[in-house]
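First the structure, in the form of structure tokens, and then the observations on it.
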Amino acid sequence: MTDFLQQARPGVRHLAPYQPGKPVEELQRELGLSKVVKLASNENPLGPSPKALAAVQAALSASPAELGRYPDGNGFVLKDAISRKFGWSHDRITLGNGSNDVLELIARAFLGEGDDAIYARHAFAVYPLAVQAVNARGIEVAAKNYGHDLPAMAAAVTPATKVIFLANPNNPTGTWFEAAEFEAFMAAVPAQVVVVLDEAYGEFVSDAQALDGFAVLDRYPNLIVSRTLAKAYGLASLRVGYAVAGADITNILNRVRQPFNVNSLALVAAAAAIGDDDFVARSRALNDAGRQQWLDGLRALGLDAIPSRGNFLCVDMGQPALPLFQALLREGVIVRPVANYGLPNHLRISIGLAEENAFALAALARVLAAAPTAAAGATA
Ligand SMILES: *Cc1c(COP(=O)(O)O)cnc(C)c1O
């Protein structure tokens with residue numbers, strides 16, 4: 001009998017699937033907890049943009065029967081909203097079922113057997129997954145202070161390199177690079193190599209001098225900037241993201257895109273959210289305050305985090321983090337262990353509402369006070 005597992009492509013056979021954060025309901029069911037705080041998936045603690053929510057509700061009540069029809073495969077309303085907000089013409093926009101989808105489209109369009117893709121150590125887990133799934137070779141470049149070492153990444157380019165993935169800020173570390181470093185990098189990278197600048201957390205960056213992919217995009221025909229509605233706009237569940245690039249790259253990406261990859265409610269919600277500057281500003285301010293609350297609270301516990309521009313902190317626990325993660329679960333706090341990112345002593349903690357941060361910090365203090373017990377319990 002044929003062993004069907006052996007029939008799968010080698011990259012897929014050896015692929016370790018992405019580990020999502022634990023859902024709140026699952027933890028409540030398992031441990032019978034009444035209160036659970038989830039700070040595990042970098043979601044917006046304010047929930048969706050109210051404009052997005054109103055637009056979805058209006059669309060559903062005006063024409064519920066539309067759910068029985070396929071969505072607009074061109075995503076006109078969303079492209080139009082992006083166009084009005086940022087000025088890009090429709091032929092430069094690729095819509096995705098989350099920006100995760102866009103990253104996979106890039107891998108499918110540009111990478112295969114015999115090709116190389118470059119990403120940084122501790123970079124977003126989807127890059128190696130997308131590369132491995134198409135049987136290309138991933139080159140992981142050593143980190144510098146947990147962040148991208150851009151000169152080393154440029155130096156790692158081989159004749160087989162087709163794509164380089166950069167995350168700014170990066171998940172799970174929160175690290176970033178500046179505009180001048182990026183420009184030096186682009187000058188060093190051969191013009192035929194596609195560079196993906198993943199700005200999933202760009203809206204949380206409050207420094208006006210920070211690199212803005214959209215501000216430099218027109219200088220680099222080989223650059224793709226990807227953004228998402230999942231983080232600052234609070235639409236993680238609807239799955240919608242997009243890439244902006246030159247019209248020729250966009251045309252290539254759209255050839256491998258499934259025709260209806262973004263559903264109609266996601267299109268409506270995203271089109272409304274993109275223009276909701278107030279909500280993004282509110283989310284950013286809440287995040288700035290929450291980050292400071294965490295940094296102060298962590299310092300009081302003798303802990304340190306990697307400097308972060310995202311809506312999360314990567315905290316060095318000074319000991320194996322998995323038992324602490326498990327002890328926090330028993331306290332009703334879900335955070336994210338990042339051993340799979342080569343960071344076994346760190347926990348990634350998303351920044352929540354002030355009250356959620358306080359709840360989690362108090363739980364963390366209890367867990368650390370009982371750390372030897374927690375560690376023993378976790379190995380059982
Ligand atoms: C969350 C995240 C994304 C994409 O998320 P989607 O929900 O698929 O839009 C992309 N890049 C990074 C670095 C992320 O953390």
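First listed ligand is number 1; within each ligand, the first listed atom is number 1.
Under the 6.0 Å cut-off for aromatic ring centres, Tyr119 and Phe124 do not qualify, their centroids lying 6.0 Å or more apart. For His346 and Tyr341, the ring centers sit 6.0 Å or farther from each other.
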Would you tabulate the polar-atom pairs, meaning N/O of ligand 1 against N/O of the protein, with distances under 3.5 Å, reported to 0.1 Å?
unit_1: ligand 1; atom_1: 7 (O); unit_2: Arg239; atom_2: NH1; d: 2.7
unit_1: ligand 1; atom_1: 7 (O); unit_2: Arg239; atom_2: NH2; d: 3.2
unit_1: ligand 1; atom_1: 8 (O); unit_2: Ser99; atom_2: N; d: 3.2
unit_1: ligand 1; atom_1: 8 (O); unit_2: Asn100; atom_2: N; d: 2.9
unit_1: ligand 1; atom_1: 8 (O); unit_2: Arg239; atom_2: NH2; d: 2.7
unit_1: ligand 1; atom_1: 9 (O); unit_2: Ser99; atom_2: N; d: 2.7
unit_1: ligand 1; atom_1: 9 (O); unit_2: Ser99; atom_2: OG; d: 3.1
unit_1: ligand 1; atom_1: 9 (O); unit_2: Thr228; atom_2: OG1; d: 2.5
unit_1: ligand 1; atom_1: 11 (N); unit_2: Asp198; atom_2: OD1; d: 3.2
unit_1: ligand 1; atom_1: 11 (N); unit_2: Asp198; atom_2: OD2; d: 2.6
unit_1: ligand 1; atom_1: 15 (O); unit_2: Asn171; atom_2: ND2; d: 2.8
unit_1: ligand 1; atom_1: 15 (O); unit_2: Tyr201; atom_2: OH; d: 2.6
unit_1: ligand 1; atom_1: 15 (O); unit_2: Lys231; atom_2: NZ; d: 3.2

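Hydrophobic clustering (ILVMFWY, side-chain heavy atoms < 4.5 Å, transitive): Tyr220 and Val194 are in distinct clusters.
A salt bridge does not link Lys51 with Asp278: none of the charged nitrogens is closer than 4.0 Å to a carboxylate oxygen.
Counting only distance, with no hydrogens or angles, the side chain of Arg257 and the backbone of Thr94 share no donor-acceptor pair below 3.5 Å.
Contacts of Phe86 classified as ring-ring contact (aromatic ring centres under 6.0 Å, His included), with partners at least two apart in sequence or in another chain: Phe214.
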